[in-house]
There are 2 protein chains.
Amino acid sequence: MQSFTEENYLKVIYHLAEKTETVQTNAIAEQIQTKPASVTDMIKKLADKGLVDYVKYQGVSLTEKGKSAAIDIVRKHRLWEVFLVDKLNFKWDEVHDVAEELEHIKSIDLIERLDEFLGFPKADPHGDPIPDKHGRFAKTQFIKLIDLKVGDSGTITGVSQHSSAFLKHLEKLGLTLGKQIHINDVTDFDGSVEILSSEKQINISREVAKHILISSNGKI
Amino acid sequence: MQSFTEENYLKVIYHLAEKTETVQTNAIAEQIQTKPASVTDMIKKLADKGLVDYVKYQGVSLTEKGKSAAIDIVRKHRLWEVFLVDKLNFKWDEVHDVAEELEHIKSIDLIERLDEFLGFPKADPHGDPIPDKHGRFAKTQFIKLIDLKVGDSGTITGVSQHSSAFLKHLEKLGLTLGKQIHINDVTDFDGSVEILSSEKQINISREVAKHILISSNGKI
DNA sequence: TAAAATTTTTAGATTTACCTAAAAAATTAA
DNA sequence: TTAATTTTTTAGGTAAATCTAAAAATTTTA
Ligand SMILES: [Mn+2]
Ligand SMILES: [Mn+2]
Ligand SMILES: [Mn+2]
Ligand SMILES: [Mn+2]
């Protein structure tokens, strides 16, 4: 069994490993909001427990055991987010911090029953996939909105930025999960994107377009 | 804001104070499963924070601030227990340990929304009253089953022992919350009680009878 | 490839919540 | 009302998770 703190390290390493094979001390420190020296200490501890592979100065990666522990925490986090949105009527920008706490509750029974209560959801309120109880989940193939071409269309199925500010902004623009969009134009001047959604013309900045994930249904 | 550990101390002191005005160091140690020396340390800390009144060698009591913090934790504990039983189909003997963890989740919003989702319940699965958001709740006037006389009858509305073994035993006897009971006889030999419930004759030991709480409707 | 910059680790402290052992105070019994 | 017992506190220490400052390794730049 891992401590609250160890679990947070595992989860952060797991997410960082989605970008780079081996994860750097400084990157972990930034995510955990702690100092690199503290990260080194904890990495050693996790290595002793067989949860990460670690070579001094070379970065860390999760072992199978560590990865499975991390996925378990991700599963809990996302299921709790679904609970908060579907059952307690939280907005999608309000759930992350509470889920950060709830994900550490230790009870296998609890999470299996919660999963059932929620109807075995496949994705959380931000479109992220929810691993099943064996840690299995489909690797979703999303395209960033920014990478679509003029004339392409698709459905918003995820976001790659979970900050409240960003999510509130999308909400205001009406760009929520499940919405159909069509690329009308890309502005030469600033790279901003003109899209059509729910029969409305919306202009979004490059920065916003980068973090909207689309399951494309190709050209109309 | 209190730490997880401080919250546990406050809650334990609150419950112990229901029996004795001022709470002893050893009593706290036993509940928290720790050593008296550790309790003394923590009591000093709580006193510094203005959560308890403490005179060396004289025991502790909660200040208004401490009491309100304790009631807040009790509220959370009991609401989560209702959630586990009503929504996730846990049995009444399975919820306590999970609720011990859930009660420490920090989010005012979460607990208010949970309360609403559950329909503002007034009592938890063991019949214990749930304080409202201002910490107010009716002091329930229960009578112990053991204190009833032959010929009395009433409704089971609570238990004063929350161990899984005890609750499972009651379940098996069919003595759950809301059940009507009638005292048929008290055995001279061992003080065991003959009761009538759901048209069945049941014999319960003194020990069991001590921990069943009845809202009496007097003699039939 | 040597110097500079960056990243990572070590060394030594700190804080929180514990512990054991021994001293002190309070309570109970003789 | 002493003596014995019990309760509580103090003193001194430990483990987990932090920190700062400085040293060491690696990477980048010139
Ligand atoms: Mn989240
Ligand atoms: Mn999410
Ligand atoms: Mn309980
Ligand atoms: Mn209860």
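Every chain is numbered from 1, with letters handed out A, B, ... down the list of sequences.
- Out of D:dT18, C:dT10, D:dT7, the shortest distance to the side chain of A:Lys44 is found at C:dT10.
- Residue B:Lys35 places its side chain closer to C:dC19 than to any other of C:dT9, C:dC19, D:dT20.
- One interatomic measurement links the two molecules: CD of A:Gln58 to C1' of D:dT26, which rounds to 9 Å at whole-angstrom precision.
- Between the C1' atom of C:dT7 and the OH atom of A:Tyr54 lies a distance of 12 Å, rounded to the nearest Å.
- Contacts of B:Ser38 with the nucleic acid, taken as non-hydrogen atoms under 4.0 Å apart, include base atoms.
- Nucleotide D:dT9 holds its P atom 6 Å from the CD1 atom of B:Ile43, rounded to whole Å.
- One interatomic measurement links the two molecules: CE of A:Met42 to P of C:dT10, which rounds to 16 Å at whole-angstrom precision.
- Taking atom CD1 of A:Ile28 as the reference point, atom C1' of D:dT18 lies 16 Å away to the nearest angstrom.
- Closest contact between the side chain of B:Tyr57 and the listed nucleotides C:dA24, D:dT18, C:dT9 involves C:dA24.
- At most 12 heavy atoms of other shown residues, nucleotides or ligands fall within 6.0 angstrom of atom NZ in A:Lys144.
- If you check every strand for non-hydrogen atoms under 4.0 Å, B:Tyr9 touches sugar and phosphate atoms only.
- OP1 or OP2 of D:dT10 sits under 4.0 Å from a side-chain N or O of B:Lys56.
- Looking at B:His96 and B:His126, their side chains never bring a donor and an acceptor atom within 3.5 Å of each other.
- B:Thr22 and B:Ser61 share no donor-acceptor pair across their side chains, judged by distance under 3.5 Å alone.
- For B:Phe83, the ring pair (Phe, Tyr, Trp, His ring centres under 6.0 Å) partners two or more places apart in sequence, or in a different chain, are A:Phe83, B:Trp80.
- Checking B:Ser107 against B:Asp109 by side-chain atom types alone, no donor-acceptor pair falls below 3.5 Å.
- Tested against B:Ile156, the residues B:Leu170, B:Ile181, B:Leu213, B:Leu145 include a single side chain to side chain contact (heavy atoms under 4.5 Å, CB included) partner, B:Ile181.
- Rounded to whole angstrom, the span from the CG atom of B:Asn26 across to the C1' atom of C:dA25 amounts to 14 Å.
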Could you run down the sub-3.5 Å N/O contacts of the protein with nucleotides 11-14 of chain D?
none

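- What separates CD of A:Gln2 from C1' of D:dA16 is a distance of 15 Å, to the nearest Å.
- One finds a side-chain N or O of A:Thr25 lying less than 4.0 angstrom from the OP1 or OP2 phosphate oxygen of C:dT9.
- In this model, the phosphate group of C:dT9 is approached by a side-chain N or O of A:Thr40 to a distance below 4.0 Å at OP1 or OP2.
- Residue A:Trp92 forms a side chain to side chain donor-acceptor pair (under 3.5 Å) with just one option from A:His162, A:Glu81, A:Glu171, and that option is A:Glu171.
- The distance from atom CD of A:Gln24 to atom P of C:dT6 is 14 Å, rounded to the nearest whole Å.
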